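Everything below concerns the one structure shown next.
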Amino acid sequence: MLNSRYLALKLIRANYKLLFVFYFFSSISLIFCRPSYCFSLDEDNQHYKKLRYKMVNQQIAARGIYDQKVLQAMRDIPRHLFVPERRQRSAYGDFPLPIGYGQTISQPYIVALMTELLKPEKDDIALEVGTGSGYQAAVLSKIVKKVYTVEIITPLGKAAEKRLNEMGYTNITVKVGDGYFGWEQYAPFDCIIVTAASDHIPPPLIKQLKNGGKMAIPVGMPFQVQKLMLVEKSEKGEIRIKNILPVRFVPLRRVQR
Ligand code: SAH
């Protein structure tokens, strides 16, 4: 009788040990081997934040962009939320990414370079031609007072407008239309950024640039290497054009879809 009680006690103790071992290893495996769908939103945000800081250090600051406002804006803006979900993991790579309708979000370095070229200031009013995902507009909006942005492809323009509203960018206004003609109603602009390539600089954009203002625009034939140009209008209204570097952009279209 005593013996069987002793045996039963031993069995219970052994099982406790087994249970403890099982519990210990399953917790460890939960911590270290979780599938990605188990990561919380907070961990995801931390992960992308790390990638953003790395992107700014290695792709942007390392290539000579020094405007702290530009660097900070690009550290702060969650670029992965501007690309299709299946591309989010590549959002901080050193390349452009497709955003649908044959269009692309520019490479992070080009976004930074074009923004820095405009020498944007906090009281500036900016115009963007080619809203696309809305990312470039978001970067500019962190620095200037107001951004007007025009997109020719209706579903892209609508999606960008919704995204920017939901993300709380209150100083950006999106319009669907042909940005070749700028946005007369809100002109003149301190800065104009064109994110699609044209074979010439659209005269309406030169006209809508404020005296003392700057415009960054890729100029050249579609589907070839183009030149990124910086157009500067002096205080007296004289135009000076600088060739910055070779780039490759999607073409500036002329027919609305
Ligand atoms: N700045 C965008 C990337 C732009 S890709 C971003 O940050 O995501 C170029 C965009 O210019 C495309 O969305 C294209 O549809 C748009 N576009 C082309 N021609 C245009 C035109 N005439 N007027 C306005 N947008 C135009």
Side-chain angles (χ1 to χ4, degrees), residues 60 64-74 77 106 109-132 134-152 157 160-161 164 169-220 226-247 249 251-254:
I60 299 175
I65 303 292
Y66 57 86
D67 186 333
Q68 291 305 315
K69 292 174 292 191
V70 177
L71 299 179
Q72 198 53 45
M74 295 190 65
I77 297 173
S106 306
Y109 170 64
I110 295 295
V111 173
L113 175 66
M114 289 178 84
T115 314
E116 183 176 74
L117 283 172
L118 299 173
K119 296 237 173 342
E121 294 294 339
K122 70 176 186 353
D123 289 325
D124 284 356
I125 308 291
L127 171 73
E128 180 192 26
V129 175
T131 316
Y135 178 68
Q136 173 73 72
V139 171
L140 260 176
S141 81
K142 289 270 185 189
I143 305 171
V144 302
K145 188 155 102 190
K146 176 81 199 179
V147 180
Y148 294 96
T149 176
V150 188
E151 170 57 53
I152 204 166
E161 184 176 38
L164 291 165
Y169 293 94
T170 50
N171 61 340
I172 304 177
T173 304
V174 183
K175 171 173 98 166
V176 171
D178 185 353
Y180 181 93
F181 299 104
W183 199 334
E184 185 79 62
Q185 188 185 348
Y186 298 109
F189 301 100
D190 301 283
C191 323
I192 300 182
I193 184 163
V194 184
T195 60
S198 172
D199 59 2
H200 64 279
I201 303 170
L205 297 184
I206 296 185
K207 199 166 155 231
Q208 290 175 25
L209 191 61
K210 202 183 254 180
N211 285 2
K214 296 184 197 303
M215 162 163 51
I217 177 169
V219 181
Q226 302 112 15
K227 292 172 179 167
L228 176 60
M229 303 282 205
L230 177 65
V231 181
E232 294 172 297
K233 202 184 239 188
S234 74
E235 292 298 342
K236 289 186 188 151
E238 294 145 353
I239 298 294
R240 214 172 61 170
I241 299 175
K242 283 187 199 156
N243 181 354
I244 306 295
L245 90 173
V247 283
F249 274 81
L252 189 78
R253 296 157 173 266
R254 300 308 315 284

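Model, not experiment: these values are computed from the prediction. Values below: all heavy atoms of this structure, side chains included; hydrogens, waters and symmetry mates excluded. Throughout, numbering of the chain's residues begins at 1 and tracks the sequence.
- To the nearest 0.5 Å, the span separating CD on E121 from NZ on K69 amounts to 4.0 Å.
- Between P218 and M114, the closest heavy-atom pair is CD-CE, 4.3 Å.
- Under the 3.5 Å distance criterion, the side-chain polar atoms of D124 are left unmatched by any main-chain donor or acceptor of A126.
- No side-chain heavy atom of V144 sits under 4.5 Å from any side-chain heavy atom of F189.
- In this structure, L140 and Q136 have side chains that are in contact, with non-hydrogen atoms separated by less than 4.5 Å.
- Using a 4.5 Å heavy-atom cutoff, the side chains of L113 and L228 are in contact.
- At least one side-chain heavy atom of I206 sits less than 4.5 Å from a side-chain heavy atom of I239.
- Taking 4.5 Å as the limit, every side-chain heavy atom of T115 sits out of range of all side-chain heavy atoms of D67.
- In this structure a side-chain-to-backbone donor-acceptor pair under 3.5 Å is present from E151 to G132.
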Given side chain to side chain contact (heavy atoms under 4.5 Å, CB included), test I217 with V129 step by step and report yes or no. CA-CA 9 Å; I217 177 169; V129 175; over 6 Å; no

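- Using a 4.5 Å cut-off on side-chain heavy atoms (C-beta onward), F181 and P202 make no contact.
- A perpendicular orientation is assigned to the rings of W183 and Y148, their planes being inclined by more than 60° (bins at 30° and 60°).
- Put simply, the side chain of N243 reaches to within 4.5 Å of the side chain of M229, judged on heavy atoms.
- Note that CG of L127 and OH of Y186 are 12.0 Å apart. Values are rounded to the nearest 0.5 Å.
- A donor-acceptor pair is defined here as one N or O able to donate and one able to accept, closer than 3.5 Å; no such pair exists between the side chain of Q226 and the backbone of S198.
- No donor-acceptor distance shorter than 3.5 angstrom exists from the side chain of K142 to the backbone of A73, with no hydrogens or angles considered.
- For the atom pair CG of N211 and CD of E238, the computed distance is 9.5 Å after rounding to the nearest 0.5 Å.
- Going from atom CD1 of I201 over to atom CG of L252 covers 12.0 Å, rounded to the nearest 0.5 Å.
- Across E128, K175, E161, a single residue satisfies side-chain hydrogen bond (donor to acceptor under 3.5 Å, both in side chains) together with T149, and that is E128.
- For D123, the side chain to side chain contact (heavy atoms under 4.5 Å, CB included) partners are K145, not counting sequence neighbours.
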